[in-house]
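Report on the structure given below.
In the text below, chain A, chain B and the rest are named by the order of the sequence lines, each starting its count at 1.
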Protein chains: 2
Amino acid sequence: MSQLALVLTTRSGPGVLHEVSGVIAAHQGDITTFTIVDHGEAQTRLLLEVSVPDGESLLAALEAAGSVKAIERVATFQHVFGKRVIIMGGGAQVGQVAIGAIAEADRHNIRGEKISVDTIPLVGEQPLAEAVRAVSRLPRARVLVLAGSLMGGEIEKAVREVRAQGLTVISLNMAGSVPDASDLVVTDPVQAGVMAVMAIADTARFRIDRLSKRVF
Amino acid sequence: MSQLALVLTTRSGPGVLHEVSGVIAAHQGDITTFTIVDHGEAQTRLLLEVSVPDGESLLAALEAAGSVKAIERVATFQHVFGKRVIIMGGGAQVGQVAIGAIAEADRHNIRGEKISVDTIPLVGEQPLAEAVRAVSRLPRARVLVLAGSLMGGEIEKAVREVRAQGLTVISLNMAGSVPDASDLVVTDPVQAGVMAVMAIADTARFRIDRLSKRVF
């Protein structure tokens with residue numbers, strides 16, 4: 001199987017993806033990601049990531065497709081940005097967790113890992129619960145850190161849902177019910193960031209499920 | 001036009017996107033984003049973001065499609081995570097820029113903006129140049145901050161390319177040719193992060209192209 005990441009310049013208008021996906025399906029290819037990079041009146045640039053048995057013959061067929069004007073091969077997001085740590089909550093604490101996670105990701109990326117650290121400061125139960133649920137749909141997201149002083153209610157429900165879908169959740173030691181619902185509870189925000197990276201780095205020997213305590 | 005974000009549970013295998021995109025094209029819909037959320041032997045969960053004139057009739061047609069088993073309406077990534085500031089470079093400096101950007105994004109998000117701050121610590125000219133180029137393909141990325149002590153060569157070329165594609169680039173005041181190639185040069189990393197957020201926040205009165213100097 002080849003993993004291809006392609007930027008296609010196509011005509012604009014509905015049906016372009018349908019034509020392109022038809023060509024890919026005819027080559028037994030699986031589209032894993034698709035986004036519109038630029039959308040103009042006359043032409044559109046699409047980013048496609050495809051897993052396909054014969055990459056060269058797929059490229060030739062795409063070049064021949066009526067709606068495709070140009071094709072550029074690019075690096076996949078998995079290759080460039082790798083696994084993602086997601087940090088959300090109050091700005092002061094998100095910043096401190098980020099400091100720990102970025103410094104630790106640096107140490108692993110130097111040794112061949114690829115880990116990025118993505119954050120959003122948010123206020124309020126509903127926006128946070130919505131963002132927690134959205135992490136389960138984010139490509140390459142592997143661990144979520146909740147960085148705040150009080151989180152519960154709908155956020156706790158959302159944490160239980162995304163954990164059931166396979167996401168690891170780390171919580172700061174805070175008021176509310178979110179710490180009880182999380183895989184790991186860490187008091188120091190810098191350490192929470194460091195542990196989040198260690199939990200997903202193949203270059204680290206650290207597994208949350210092997211720890212003898214759950215609260216630090 | 002309705003903007004729909006849908007998680008479709010479908011059968012697994014090639015051709016599913018082709019069927020789904022056919023239904024969407026028949027409803028004059030435009031797919032703006034597509035990703036595979038989960039990929040099992042028997043079933044797959046797809047995330048689709050679609051812009052379509054008649055959302056309800058598209059939903060009915062998708063429910064009737066042979067490969068679709070279930071449909072869930074979710075929030076769009078634009079709604080949940082908004083515009084993105086991207087910070088890359090050395091861990092120590094990326095962390096300090098992130099502190100500034102996250103604290104400033106918090107202040108704007110409280111007033112109704114949606115800005116997230118995404119980072120990756122990286123070492124070396126080629127990985128950094130590749131990551132700079134990839135930012136122009138990242139959904140919702142609006143401003144890039146280069147946080148390091150020495151960047152030039154291929155990274156400078158990549159900066160000029162992504163600026164030509166419309167991305168704003170802020171550089172720390174550092175050795176190498178990247179500061180010369182950037183929209184704005186800032187010496188204090190915390191301020192670089194703050195200015196990056198101000199540059200894209202609709203809640204801020206700050207435009208880089210109206211500043212009377214380029215280096216701070």
> Does the side chain of B/Gln165 reach to within under 4.5 Å of the side chain of A/Arg45, using non-hydrogen atoms?
Replying inline: yes

> Taking NZ, NE, NH1 and NH2 as the nitrogens, is one of them in A/Lys157 or A/Glu154 under 4.0 Å from a carboxylate oxygen of the other?
Replying inline: yes

> Below 4.5 Å, heavy atoms only, C-beta onward: do B/Gln93 and B/Leu172 meet side chain to side chain?
Replying inline: yes

> Can you tell me if A/Asp106 uses its side chain to pair, donor with acceptor, with the backbone of B/Gly90 under 3.5 Å?
Replying inline: no

> Which residue out of A/His79, A/Arg133, A/Met88, A/Glu104 racks up the most heavy-atom pairs below 4.5 Å with chain B?
Replying inline: A/His79

>> Please classify the contact between A/His27 and chain B as side chain, backbone, both or neither, with a heavy-atom cut-off of under 4.5 Å.
In response: neither

> Is the shortest distance from a Lys or Arg side-chain nitrogen in B/Arg137 or A/Glu49 to a carboxylate oxygen in the other one below 4.0 Å?
Replying inline: no

> Which bit of B/Ala105 comes within less than 4.5 Å of chain A, counting heavy atoms only: side chain, backbone, both or neither?
Replying inline: both

> Salt bridge between B/Lys114 and B/Asp202, side-chain N to carboxylate O under 4.0 Å?
Replying inline: no

>> Among B/Ile31, B/Val7, B/Asp30, which residue has the highest count of heavy-atom pairs closer than 4.5 Å to chain A?
In response: B/Ile31

>> Please classify the contact between A/Leu48 and chain B as side chain, backbone, both or neither, with a heavy-atom cut-off of under 4.5 Å.
In response: neither

> Is it the side chain or the backbone of B/Val94 that comes within 4.5 Å of chain A heavy atoms, both, or neither?
Replying inline: both

> Out of B/Ile110, B/Leu138, B/Val85, B/Ile86, which one racks up the most heavy-atom pairs below 4.5 Å with chain A?
Replying inline: B/Leu138

> If you count heavy-atom pairs under 4.5 Å with chain A, which of B/Gly100, B/Ala131, B/Ala103, B/Ala75 comes out on top?
Replying inline: B/Ala75

> Among B/Gly82, B/Ala134, B/Pro139, which residue forms the greatest number of heavy-atom pairs with chain A at distances under 4.5 Å?
Replying inline: B/Ala134

>> Please identify, among A/Thr119, A/Val80, A/Leu46, A/Ile99, the residue contributing the most non-hydrogen atom pairs under 4.5 Å to chain B.
In response: A/Thr119

> What part of B/Arg107 is in contact with chain A, defined as an atom under 4.5 angstrom from a non-hydrogen atom: side chain, backbone, both or neither?
Replying inline: neither

> Which residue out of B/Thr32, B/Val37, B/Leu47 racks up the most heavy-atom pairs below 4.5 Å with chain A?
Replying inline: B/Thr32

>> Could you measure the distance from the CZ atom of A/Arg11 to the OG1 atom of A/Thr44? Nearest 0.5 Å is fine.
In response: 9.0 Å

> Any side-chain heavy-atom pair from A/Glu63 and A/Ile71 closer than 4.5 angstrom?
Replying inline: yes

> Looking at B/Ser116, B/Ala5, B/Gly29, which one has more heavy-atom pairs under 4.5 Å with chain A than the rest?
Replying inline: B/Ser116

>> Could you check whether any side-chain N or O of B/Gln191 sits under 3.5 Å from a backbone N or O of B/Val186, counting only pairs where one atom can act as donor and the other as acceptor?
In response: no

